[in-house]
Amino acid sequence: PVREHIRSFCIIAHIDHGKSTLADRLMEETGLIGERDKTAQYLDRMDIERERGITIKAQAVRMNYRADDGEVYQLDLIDTPGHVDFNYEVSRSLAACDGALLVVDAAQGVEAQTLANVYLALDANLEIIPVINKIDLPSADIEAAKNEIEEMVGLDASQAIAVSAKTGQGIDELLEAIVTYVPPPRADPEGPLQALVIDSWWDTYRGVISLVRVMSGTLVPKREVRFMATNKVFDVLEVGVFAPEPLKLTKLEAGEVGFLICNVKEVADSKVGDTIVLAEDTHCEPLPGFKEVQQMVFAGVFPTDSNQYADLRDALGKLTLNDASVTWEPETSDALGFGFRLGFLGLLHMEIIQERLEREYNLDLITTAPSVKYRVTHRGGDVEIIDNPARFPEAGDIETIEEPMIIGRIQLPEEHLGPVMKLCQERRGIQQDLTYMTETRVQLTYELPLAEVVFGFYDRLKSISRGYASLDYEHGEYRQADLVRLDLLVNGEKVDALSLITHRDNSFLRGRDLCVKMKEEIPRQQFEVAIQAAIGGRVIARTTVKALRKNVLAKCYGGDASRKRKLLEKQKKGKKRLKAVGNVEIPQGAFHAILKID
Ligand code: GTP
């Protein structure tokens with residue numbers, strides 16, 4: 001089609017507001033998928049994504065739509081991740097769009113994470129079409145949702161399209177709105193080739209597949225192209241689109257989104273945000289906005305059975321072929337033996353990777369509590385970046401410690417304001433702003449240490465606001481703080497994998513709470529287990545796990561067999577993810593006890 005008939009857009013929505021359902025409905029309406037394919041949810045490729053309801057990888061589908069004006073339009077829908085951990089990926093997929101559907105649940109209203117992505121979309125100059133979804137629900141309040149969009153987002157919502165992705169109501173109108181309001185690409189077909197890498201992943205049969213948008217020129221097979229970030233040259237083997245199955249094409253023209261297969265062997269050679277140009281073109285400028293991804297959260301990963309070390313290494317090798325945003329290097333722990341230290345984009349990313357390692361590679365793992373990257377200046381003046389509390393120098397060697405900060409935006413109903421502000425203060429937050437979004441909804445802005453957010457902040461926020469507060473954040477600067485290393489001793493032995501960094505002012509409280517939580521997590525053993533917290537060799541708190549006395553089955557009063565079986569099964573399950581440290585069995589939960597402290 002000519003460029004005037006291309007519409008490239010994405011969907012911005014809070015989790016559960018119906019992005020995937022709407023995408024499926026658009027594909028169905030344009031004849032791309034049949035009724036019976038609906039449960040497949042094409043935009044969510046991986047099982048884990050489906051189970052958790054989170055879209056991790058950006059994907060794109062091409063649809064053809066005959067509009068009321070009789071013309072056929074090519075609609076390129078680009079899927080974007082919906083979580084703050086993947087903000088950079090979001091910004092790159094937005095850079096590949098000309099418009100965005102802002103989907104708001106008619107019964108829920110606007111949420112903080114939606115706002116963050118709307119700002120990214122406005123920065124990228126996208127035309128935003130407000131869409132009110134779930135209007136079939138009895139609790140739907142279209143006018144209230146429109147008001148929120150106007151007040152909180154500052155967009156004119158009078159033209160908002162009311163739809164039900166579930167029943168299909170309003171979908172025709174939405175397709176017409178996409179054709180009318182999303183502008184055609186500004187891309188120049190006569191210019192030199194410039195293609196933006198939106199995403200890339202590993203395919204067992206084809207090697208690395210890159211999802212690209214051609215911003216200028218034409219991408220054709222059998223030409224040599226250069227990836228500017230790595231300056232590597234590859235042959236173009238194949239180009240095509242997803243409809244939703246892969247469809248081979250003879251070219252991708254300026255303004256079009258599609259896939260590119262070269263003989264790239266590693267995902268790291270096709271970086272998100274990179275610019276692809278013709279190999280012979282040495283004068284071309286890269287497209288703006290490229291960044292190397294930065295890991296923010298680090299954790300040790302160890303096999304519970306040390307015989308699985310080689311398997312873990314192989315699994316990490318395979319997994320990182322596909323996800324270049326995870327870093328890994330060998331780590332040795334006195335307590336846990338041989339493992340790896342992994343770097344993640346954020347906490348959710350960490351959980352996803354652990355889950356994939358266990359599920360897809362059938363490993364049984366212990367992960368340590370997450371840590372951030374500290375900047376430590378030694379007495380002699382040397383500066384060291386340390387992402388592992390176990391590697392922290394002794395206090396006497398440290399001149400200053402700096403830690404990474406974030407700027408967090410929290411939205412919440414007014415009635416929870418008091419407890420939420422208290423939580424932010426306890427987490428060493430500095431308030432920067434407090435704005436009423438509506439009469440009853442407040443947005444708080446705090447500068448917070450990333451480490452404090454990593455330690456279960458989000459769960460606490462959710463629980464004290466009964467689920468109504470939402471958080472999004474961006475990374476800020478490094479700031480000096482009075483931090484100390486808190487060590488945990490189990491039966492007198494320091495367990496290096498349990499050490500953590502905390503502020504001096506709350507180190508006593510943390511140490512005490514941690515001992516209490518550890519006691520709950522460590523099962524009774526044949527002997528007494530002493531748990532101690534220490535700072536610089538000085539013990540500050542202690543709890544004891546009493547020795548095991550009676551048989552668990554004694555509790556069942558000898559009766560009900562099914563109950564007995566249940567109990568035994570429960571025990572069996574509890575056996576997984578136990579690691580023997582010295583002669584004490586420590587379960588996974590104990591390593592994450594810090595995340596459960598209030
Ligand atoms: P993530 O993938 O987690 O970001 O969620 P999502 O925004 O893609 O939401 P999804 O499409 O998975 O929908 C969330 C839930 O809302 C599902 O249970 C859907 O069936 C339901 N849902 C989506 N659209 C509608 C609608 O128009 N009406 C009703 N009643 N339910 C809907």
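Both counts, for ligands and for their atoms, begin at 1 and track the order of listing. Here, residue 1 is the first one in the sequence, and each next residue gets the next number.
Asp24 has its side chain within reach of Met27: a pair of non-hydrogen atoms, C-beta onward, lies under 4.5 Å apart.
Of all atoms in ligand 1, listed by their number and element, those nearer than 4.0 Å to a heavy atom of Ser20 are 2 (O), 6 (P), 8 (O), 11 (O). Every atom of ligand 1 is numbered from 1 in the order shown, and the set under 4.0 Å from a heavy atom of Leu137 is 30 (N). Every atom of ligand 1 with a heavy atom of His14 under 4.0 Å away is listed here by number and element: 7 (O). Those atoms of ligand 1 that come under 4.0 Å of a heavy atom in Thr21, given as number and element, are 10 (P), 11 (O), 13 (O), 19 (C), 23 (C), 24 (N).
Residue contacts with ligand 1 for His17 involve N, CA, C or O but no side-chain atom from C-beta outward (heavy atoms, distance under 4.0 Å). Residue contacts with ligand 1, taken as heavy atom pairs separated by less than 4.0 Å, involve Ser164 via backbone and side-chain atoms alike. At a heavy-atom distance under 4.0 Å, only side-chain atoms of Asn133, from C-beta outward, approach ligand 1.
Between the CG atom of Asp269 and the CG atom of Asp274 there is a distance of 9.5 Å, given to the nearest 0.5 Å. Once rounded to the nearest 0.5 Å, the distance linking CD of Glu256 with CG of Leu219 reads 10.5 Å.
The N/O atoms of Ala13, backbone and side chain alike, include none that comes under 3.5 Å of an N/O atom in ligand 1.
Other residues, nucleotides and ligands contribute more than 12 heavy atoms inside 6.0 Å of the OH atom of Tyr361.
Between Glu28 and Arg25, at least one side-chain nitrogen of the basic residue sits less than 4.0 Å from a carboxylate oxygen of the acidic one, meeting the salt-bridge criterion. Salt bridge status for Arg213 with Asp98: present, with a side-chain N to carboxylate O gap under 4.0 Å.
Relative to atom 32 (C) of ligand 1, the option among Lys134, Arg25, Gln169 with the closest non-hydrogen atom is Lys134.
Identified under the ring pair (Phe, Tyr, Trp, His ring centres under 6.0 Å) test for residues 9-30, with sequence neighbours left out: His14-His17.
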